[in-house]
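Source: prediction; values computed, not measured.
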Amino acid sequence: MQPKSKKRLLEFATAPYRQTGYINHRWACGKLGHDRIFAAMLDQKVFPDNATVLDLGCGRGLLAAWMLGAERLAEGGGWDGDAPPKNLRFRGVELMEREAVCGNRALQPLYGQRVQLQGGDMRDADLTGIDAVTIFDALHYIPYAEQDALLDRIRAALGSGGLFVTRIGNADGGWRFTVSRWVDACMFFIQGHRQSRTFCRPLAAWIARLEALGFTVRATPMSAGTPFANVMLVARLP
C-alpha cells in the first residue's frame, strides 16, 4: 500500500469511531495506524470480492472498518494502489459485548447490514453462510482441545476456496515470544478480561494442524520493527 493511501485510509477508517467516544476513537487510531496486519490484509490481497467474512474476536470491528473504508476510498478516487476487494460483508463475534456495540454504532450508519457485530463466545459462533473466517490474537485464549474443535468446525463450514486467516504468537520465538506474552497479558487486563492463562503453540505446530485439515498455508512474520513473535497465517482450501 502506498503511504498516501495508507494515511488517507487511516483517517477514513477511524473517523466513524469519533461518535462513539474519545477512547474508542484513539484505540482505533492506534491499532489501525500501528498494527501491521491491517496493511498486510490489503497488500497481500487476502480477501476476494463479494466474500462474507466472519471475524471471531472482532473487538470494535476494526477489520471491517479498514477493509470497507478502503473500498469506499477507492470508489471516491482517493486510492493510488491496487484496487481493494469489493462488496465484502462482515459478521463479528466478540466476547466483550460493549465492544461489538461500539463497532455497530460506528459502522452501521455508513455500511448498514454489511457489518453485523454481536457479543458472544467464538466457540459457539454461527458458522453458516460464510466464505472466510478471521481470528486475530484470540485462539490462544482457549484450551488446546477447544482450539482444535473450533478449527474443525471452521473447516467443515468453509467450502471450496474457503479462507481462514489468523495471527498467532510463535511459541518457538524465544525472547520475542516472552515479550509478546507479557504485552498480551497487559492488553488483556486493560480491556477488562479476567483470564490470564494462554495456550500457545510453535509455528510449525499451527501450520501442521491446518494442513492436516486440508488447508494450504502461507506464513508471514508480523514482527518486523517490533519485539514480538507474531505470525499471520493465511490458509486456503482448494
Side-chain angles (χ1 to χ4, degrees), residues 1 9 13 31-32 35-71 82 84-94 103 114-117 122-123 125-142 147-170 180 184 200-201 203-224 228-238:
M1 188 191 316
L9 177 53
K31 285 288 288 182
L32 293 177
D35 192 329
R36 296 179 64 242
I37 199 165
F38 295 103
M41 296 295 287
L42 287 170
D43 291 339
Q44 296 190 21
K45 302 178 182 178
V46 173
F47 293 129
D49 291 346
N50 305 309
T52 296
V53 181
L54 177 61
D55 188 10
L56 299 179
C58 65
R60 297 167 174 84
L62 297 183
L63 179 61
W66 184 257
M67 300 303 299
L68 297 180
E71 180 185 351
D82 293 335
K86 299 178 181 179
N87 302 317
L88 297 181
R89 296 167 298 280
F90 284 87
R91 287 163 39 198
V93 176
E94 169 55 43
R114 291 178 68 185
V115 179
Q116 300 179 57
L117 314 179
M122 64 181 176
R123 290 167 287 192
D126 176 9
L127 302 184
T128 59
I130 56 174
D131 304 298
V133 177
T134 57
I135 306 178
F136 295 159
D137 311 318
L139 262 177
H140 61 289
Y141 290 125
I142 63 177
Q147 293 174 10
D148 288 337
L150 179 56
L151 292 174
D152 288 343
R153 289 187 63 219
I154 290 170
R155 170 61 184 88
L158 294 174
S160 176
L163 173 68
F164 173 61
V165 187
T166 188
R167 181 166 61 183
I168 55 91
N170 179 12
S180 297
D184 189 55
C200 303
R201 311 184 194 211
L203 174 60
W206 284 114
I207 293 175
R209 182 70 179 89
L210 291 171
E211 289 179 340
L213 291 172
F215 290 99
T216 298
V217 183
R218 181 179 73 227
T220 303
M222 291 281 108
S223 55
F228 307 131
N230 296 327
V231 182
M232 181 175 73
L233 302 179
V234 178
R236 298 183 186 274
L237 292 171

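Note that CE of Met67 and CG of Leu9 are 9.0 Å apart. Values are rounded to the nearest 0.5 Å. Atom-to-atom distance recorded for Met232:CE and Thr220:OG1 is 4.5 Å, nearest 0.5 angstrom. Note that the CG atom of Leu237 and the CG atom of Leu158 stand 6.0 Å from one another [nearest 0.5 Å]. If you take CG on Asp131 and CZ on Arg89, they are separated by 7.0 Å, rounding to the nearest 0.5 Å. In this structure, CG on Leu117 lies 9.0 Å from CD on Glu94, to the nearest 0.5 angstrom. If you take CG on Leu151 and CH2 on Trp206, they are separated by 6.5 Å, rounding to the nearest 0.5 Å.
Contact of the Leu88 side chain with the Leu68 side chain is registered, since non-hydrogen atoms from C-beta on lie closer than 4.5 Å. Taking the side chain as every heavy atom from C-beta outward, Leu42 and Pro85 approach each other to under 4.5 Å. Side-chain contact check for Leu63 versus Phe47: some heavy-atom pair is nearer than 4.5 Å.
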What do the steps show when you test Gln147 against Tyr141 for side chain to side chain contact (heavy atoms under 4.5 Å, CB included), and what is the final call? CA-CA 9 Å; Gln147 293 174 10; Tyr141 290 125; over 6 Å; no
Using side chain to side chain contact (heavy atoms under 4.5 Å, CB included), reason through Leu233 and Val165 one step at a time and then give a plain yes or no. CA-CA 6 Å; Leu233 302 179; Val165 187; over 6 Å; no
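By the side chain to side chain donor-acceptor pair (under 3.5 Å) test, Thr216 pairs with no residue at all, sequence neighbours left out. Every residue was checked against the side chain to side chain donor-acceptor pair (under 3.5 Å) condition with Thr166, not counting sequence neighbours, and none meets it. The salt bridge (Lys or Arg N to Asp or Glu O under 4.0 Å) search around Arg218 returns none, not counting sequence neighbours. For Gln116, the side chain to side chain donor-acceptor pair (under 3.5 Å) test picks out no residue, with sequence neighbours left out. In this structure Ala64 satisfies the side-chain contact (heavy atoms from CB on, under 4.5 Å) test together with Phe90, Leu107, Val115, sequence neighbours excluded. In this view, Thr128 and Asp126 satisfy the side chain to side chain donor-acceptor pair (under 3.5 Å) rule, not counting sequence neighbours.
Residue pairs satisfying the salt bridge (charged side-chain N to carboxylate O under 4.0 Å, His left out) criterion with at least one member in residues 42-51, sequence neighbours excluded, are listed as follows: Lys45-Asp82. Under the salt bridge (charged side-chain N to carboxylate O under 4.0 Å, His left out) criterion, no residue pair touches residues 229-238, with sequence neighbours excluded. Note on residues 147-167: pairs passing salt bridge (charged side-chain N to carboxylate O under 4.0 Å, His left out), not counting sequence neighbours, are Asp35-Arg167, Asp137-Arg167, Asp148-Arg201, Asp148-Arg209, Asp152-Arg209.
Judged purely by atom type and a 3.5 angstrom limit, Asn170 uses its side chain to pair as donor or acceptor with the backbone of Leu203. Side chain of Glu211 to main chain of Val217: no donor-acceptor pair is present (N/O by atom type, distance under 3.5 Å, no hydrogens or angles).
In terms of heavy-atom proximity, Met122 sits nearest to Leu150 at O-CD1, 3.7 Å.
Shown are Thr134, Leu54, Val234, Ile135; of these, the side-chain contact (heavy atoms from CB on, under 4.5 Å) with Phe164 is made only by Ile135.
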